[in-house]
2 protein chains.
Amino acid sequence: MSDLAAALDIVGARWALLIVERLLDGPQRYGDLQRDLGVPTNMLATRLRELEAAGVLFRLPLRHNTRAYALTDRGLALREAIVALGTWGKNDA
Amino acid sequence: MSDLAAALDIVGARWALLIVERLLDGPQRYGDLQRDLGVPTNMLATRLRELEAAGVLFRLPLRHNTRAYALTDRGLALREAIVALGTWGKNDA
DNA sequence: CGTGGCTACTTGCATTTTGCAAGCATGGTC
DNA sequence: GACCATGCTTGCAAAATGCAAGTAGCCACG
């Protein structure tokens, strides 16, 4: 399995990279991600579980029954790839 | 729609980036892609059609009833993003 | 203490995407 | 003109995704 295939195995699923991109701006709560991205709630829950299991992000407990999701170092390391893809997507001429 | 979402709309589908990565090494024929990637034949045909429509690659007629698939400039511009993702995927420690 | 509201999910089911296997078309070879 | 390689298409099963509704924990307020 190539390196690219290994990467896509983790962040290649739908919504995964968009979630990580959103978290590059700092920790976000579940509802924030849902509203900002327009992702279905069951998909969001699934992806957050998978990305946590893959060591890309972790749950950060806040007060009450709320928590935030934040990137690990491994998650932050995706910034370069995300920026590169975003730059490519910008030039759709 | 963010730039990243626009990019993923084109190359976010399963197998798409792997196909492009393979073509970074130069034009490839259908059967080569199929064997190298292990992608189901109907998916390969679908993706090649989509990527051609998106201006990422084009069909290059060879002799007989064979053709090759090659990247356009827009397709080649994905190299940076693919390398970045591959580098990330390599460090799965 | 109990009702109501907010947040973070889970669950059930329809729709879409993906995958497997088999078949078809075209062109060349002998 | 029988045979083979290449490049697909087609039919159907399995899996992923999406929508809508429901559940669970916590706290504020009366």
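All values derive from a computational prediction rather than experimental measurement. Just so we're on the same page: letters track the sequence lines, and every chain starts at 1.
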(request) Round to the nearest Å and state the distance from B:Arg14 atom CZ to C:dT18 atom P. (result) 7 Å
(message) Distance check needed: D:dG7 P versus B:Glu52 CD, whole Å only.
(response) 15 Å
(message) Without decimals, in angstroms, what is the distance between B:Arg59 CZ and D:dT6 P?
(response) 18 Å
(message) Just N and O in the side chain of A:Arg49: are any of them under 4.0 Å from OP1 or OP2 of C:dT10?
(response) yes
(request) Would you kindly give the CD-to-C1' distance between A:Glu50 and D:dA15, to the nearest whole Å? (result) 13 Å
(message) Between B:Thr46 and B:Arg35, which residue's closest nucleotide on DNA chain D lies nearer the 5′ terminus?
(response) B:Arg35
(message) Donor-acceptor check, side chain of B:Tyr30 to backbone of B:Thr66, threshold 3.5 angstrom: yes or no?
(response) no
(request) Could you tell me the separation between the CD atom of A:Gln28 and the P atom of C:dC9, rounded to a whole number of Å? (result) 14 Å
(request) Answer yes if B:Leu71 and B:Leu62 sit in the same cluster of Ile, Leu, Val, Met, Phe, Trp and Tyr residues linked by side chain heavy atoms under 4.5 Å apart, and no otherwise. (result) no
(message) The side chain of A:Arg67 is closest to which nucleotide in this list: C:dC20, D:dA16, C:dC9?
(response) C:dC9
(request) Compare side-chain N and O positions of B:Trp15 against OP1 and OP2 of C:dG19 and report whether any pair is under 4.0 Å apart. (result) yes
(message) Check whether B:Trp88 reaches the backbone of A:Asp3 with its side chain - one donor and one acceptor, N or O, closer than 3.5 Å.
(response) no
(request) Decide, yes or no, whether a salt bridge links B:Glu50 with B:Arg47 under the criterion of side-chain N to carboxylate O below 4.0 Å. (result) yes
(request) Starting at atom OH of B:Tyr30, determine the distance to atom P of C:dT26, rounded to an integer number of angstrom. (result) 17 Å
(request) Counting heavy atoms from C-beta on, name the nucleotide in C:dC9, C:dA22, D:dT17 closest to the side chain of B:Thr41. (result) C:dA22
(message) So for atom CG, which belongs to A:Asp25, do other residues, nucleotides or ligands contribute more than 12 heavy atoms lying within a distance under 6.0 Å?
(response) yes
(message) Strictly below 4.0 Å: does B:Arg29 bring a side-chain N or O up to OP1 or OP2 of D:dA5?
(response) no
(request) Round to a whole Å and report the spacing from CG of B:Leu60 to P of D:dT6. (result) 18 Å
(request) Give the nucleotide from the list C:dT11, C:dT18, D:dC27 with an atom nearest to the side chain of B:Met43. (result) C:dT18
(request) Measure from the side chain of B:Asn42, starting at C-beta and using heavy atoms only, and say which of C:dG19, C:dC9, C:dT18 lies closest. (result) C:dG19
(request) May I have the distance from A:Arg47 (atom CZ) to C:dT10 (atom C1'), rounded to whole angstrom? (result) 16 Å
(request) Assess whether one donor atom and one acceptor atom, taken from the side chain of B:Asn65 and the base of C:dG28, lie less than 3.5 Å apart. (result) no
(request) Check whether any side-chain nitrogen or oxygen of B:Tyr69 sits under 4.0 Å from OP1 or OP2 of D:dC8, and answer yes or no. (result) yes
